[in-house]
Amino acid sequence: MKDFKINCHPLPGEFYARDTVTVSKDLLGCFLVHRTPAGATAGRIVETEAYLQGDPACHAARSMTPRNKVMFGPPGYAYVYFTYGMHYCFNVVSQAEGVGEAVLIRALEPVYNTGLMQQRRGRERLKDLCSGPAKLTQAMGIGIEQNCTDLTTGDLYLCAGDAGSAIITTTRIGIREGTDLLLRFYLQDSRYVSRK
DNA sequence: TCTCCGATGTGT
DNA sequence: CACATCGGAGAG
């Protein structure tokens with residue numbers, strides 16, 4: 001596996017307080033780190049999706065509810081939700097406070113402590129560890145406890161990194177509304193995206 | 001490789 | 001009753 005040097009300094013709040021599409025693209029190549037009692041794990045972000053205000057697929061498209069409330073809060077917080085009765089998905093809240101937008105992290109390249117990821121996933125192959133939004137939350141030990149946590153100060157955070165290859169823009173996966181919007185982004189050269 | 005489908009709980 | 005999913009089964 002490629003040897004990455006991870007800058008352990010968390011990305012600051014200003015990184016997230018920008019246009020959501022810009023944040024979605026800039027997150028490609030950045031590292032997601034989670035320190036837990038079982039150990040720390042880290043992955044390099046290779047696929048993201050933007051969810052915007054006025055976008056019918058966005059959880060914050062309609063009114064503010066207990067679930068989507070954090071999306072309207074300050075940028076740089078985690079929005080984790082439970083879906084399909086068994087999976088968690090992890091988003092980072094973007095834009096200014098009051099704007100209900102976020103970036104879904106859809107795939108990671110496993111980078112650090114892949115043994116713990118394999119154990120959590122019950123899978124051996126590196127490609128099967130983080131190549132989907134619910135796979136990566138399982139591999140990284142992310143659950144509802146991380147919802148609404150501050151990504152600039154806690155045990156779950158992101159660090160700067162370089163995309164290092166071309167960014168491909170496509171429609172989003174697994175939605176039924178807003179299917180025409182080009183809001184999915186992934187690294188062309190990565191073998192670890194959920195699908196090409 | 002692909003398409004289909006069941007699992008399983010919560011939001012609207 | 002839809003849902004920002006996953007993995008196993010069966011077909012090709």
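Everything numeric in this text was worked out from a predicted model, so none of it was measured.
Distance A:F90 CZ to C:dA4 C1': 14 Å, rounded to the nearest Å. The separation between A:I144 atom CD1 and B:dG11 atom C1' is 13 Å, rounded to whole Å. As rounded to whole Å, 15 Å separates atom P of C:dC6 from atom NZ of A:K127. When rounded to the nearest whole Å, the span between CZ of A:R195 and P of B:dT1 equals 15 Å. Rounding to whole angstrom units, CD1 of residue A:I173 and P of C:dT5 are separated by 8 Å. With rounding to whole Å, A:E177 atom CD is found 13 Å from B:dT12 atom P. Between the P atom of C:dA4 and the OH atom of A:Y186 lies a distance of 21 Å, rounded to the nearest Å. The interatomic distance linking A:N147 (CG) with B:dT10 (P) rounds to 14 Å, in whole Å.
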Item to check | Chi angles and distances behind the side chain to side chain donor-acceptor pair (under 3.5 Å) call for A:K135, A:S131 | outcome: CA-CA 6 Å; A:K135 294 180 189 177; A:S131 56; 3.2 Å; yes
Item to check | Verdict with supporting geometry, A:I45 and A:L158, side chain to side chain contact (heavy atoms under 4.5 Å, CB included) | outcome: CA-CA 10 Å; A:I45 297 172; A:L158 291 89; 3.6 Å; yes
Item to check | Chi angles and distances behind the side chain to side chain contact (heavy atoms under 4.5 Å, CB included) call for A:Q146, A:H34 | outcome: CA-CA 10 Å; A:Q146 279 69 45; A:H34 194 198; 3.7 Å; yes
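A distance below 6.0 Å separates the ring centres of A:Y81 and A:H59. Taking the centre of each ring, A:Y88 and A:F90 stay at or above the 6.0 Å mark.
For C:dC1, the paired nucleotide is B:dG11, the pair qualifying as Watson-Crick or G-U wobble because both relevant distances are below 3.5 Å. The partner of B:dC4 is C:dG8, judged by Watson-Crick or G-U wobble contacts that both fall below 3.5 Å.
Contacts between residues 58-69 of chain A and DNA chain C, defined by a heavy-atom separation under 4.0 Å, are made by A:H59.
You won't find any donor-acceptor pair under 3.5 Å spanning the side chain of A:Y84 and the base of B:dA7, going by distance alone.
Evaluation of A:F82 against the base of B:dG9 yields no stacking contact (centre distance < 5.5 Å, interplanar angle < 30° required).
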Set out, line by line, the N/O atom pairs under 3.5 Å between protein and nucleotides 3-6 of chain B.
none

Pairs under 3.5 angstrom, nitrogen or oxygen only, protein versus nucleotides 8-12 of chain C, please.
unit_1: C:dG8; atom_1: OP1; unit_2: A:R123; atom_2: NH2; d: 3.1

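Here A:R176 does not reach the OP1 or OP2 of C:dA4: none of its side-chain N or O atoms lies under 4.0 Å away. Contact annotation: A:R121 side-chain N/O to C:dC6 OP1/OP2 distance is not under 4.0 Å.
Using a 4.0 Å heavy-atom distance criterion, A:A57 is classed as a base contact.
In this structure, A:R18 satisfies the cation-pi test against A:F15, with its NZ or CZ atom closer than 6.0 Å to the six-membered ring centre and inside 45 degrees of the ring normal. Judged by the 6.0 Å distance and 45° axis criteria, A:R44 is not positioned over the aromatic ring of A:Y192.
At least one side-chain heavy atom of A:L129 sits less than 4.5 Å from a side-chain heavy atom of A:Q118. Residues A:T179 and A:R172 are not in side-chain contact: their nearest non-hydrogen atoms beyond the backbone lie 4.5 Å or more apart.
No side-chain donor-acceptor contact under 3.5 Å links A:D150 to the backbone of A:Y77. Side chain of A:E101 to main chain of A:S94: no donor-acceptor pair is present (N/O by atom type, distance under 3.5 Å, no hydrogens or angles).
Checking C:dG7, C:dT5, C:dA4 against the side-chain heavy atoms of A:K135 singles out C:dG7 as nearest.
Looking at A:S194 and A:E47, their side chains do bring a donor and an acceptor atom within 3.5 Å of each other.
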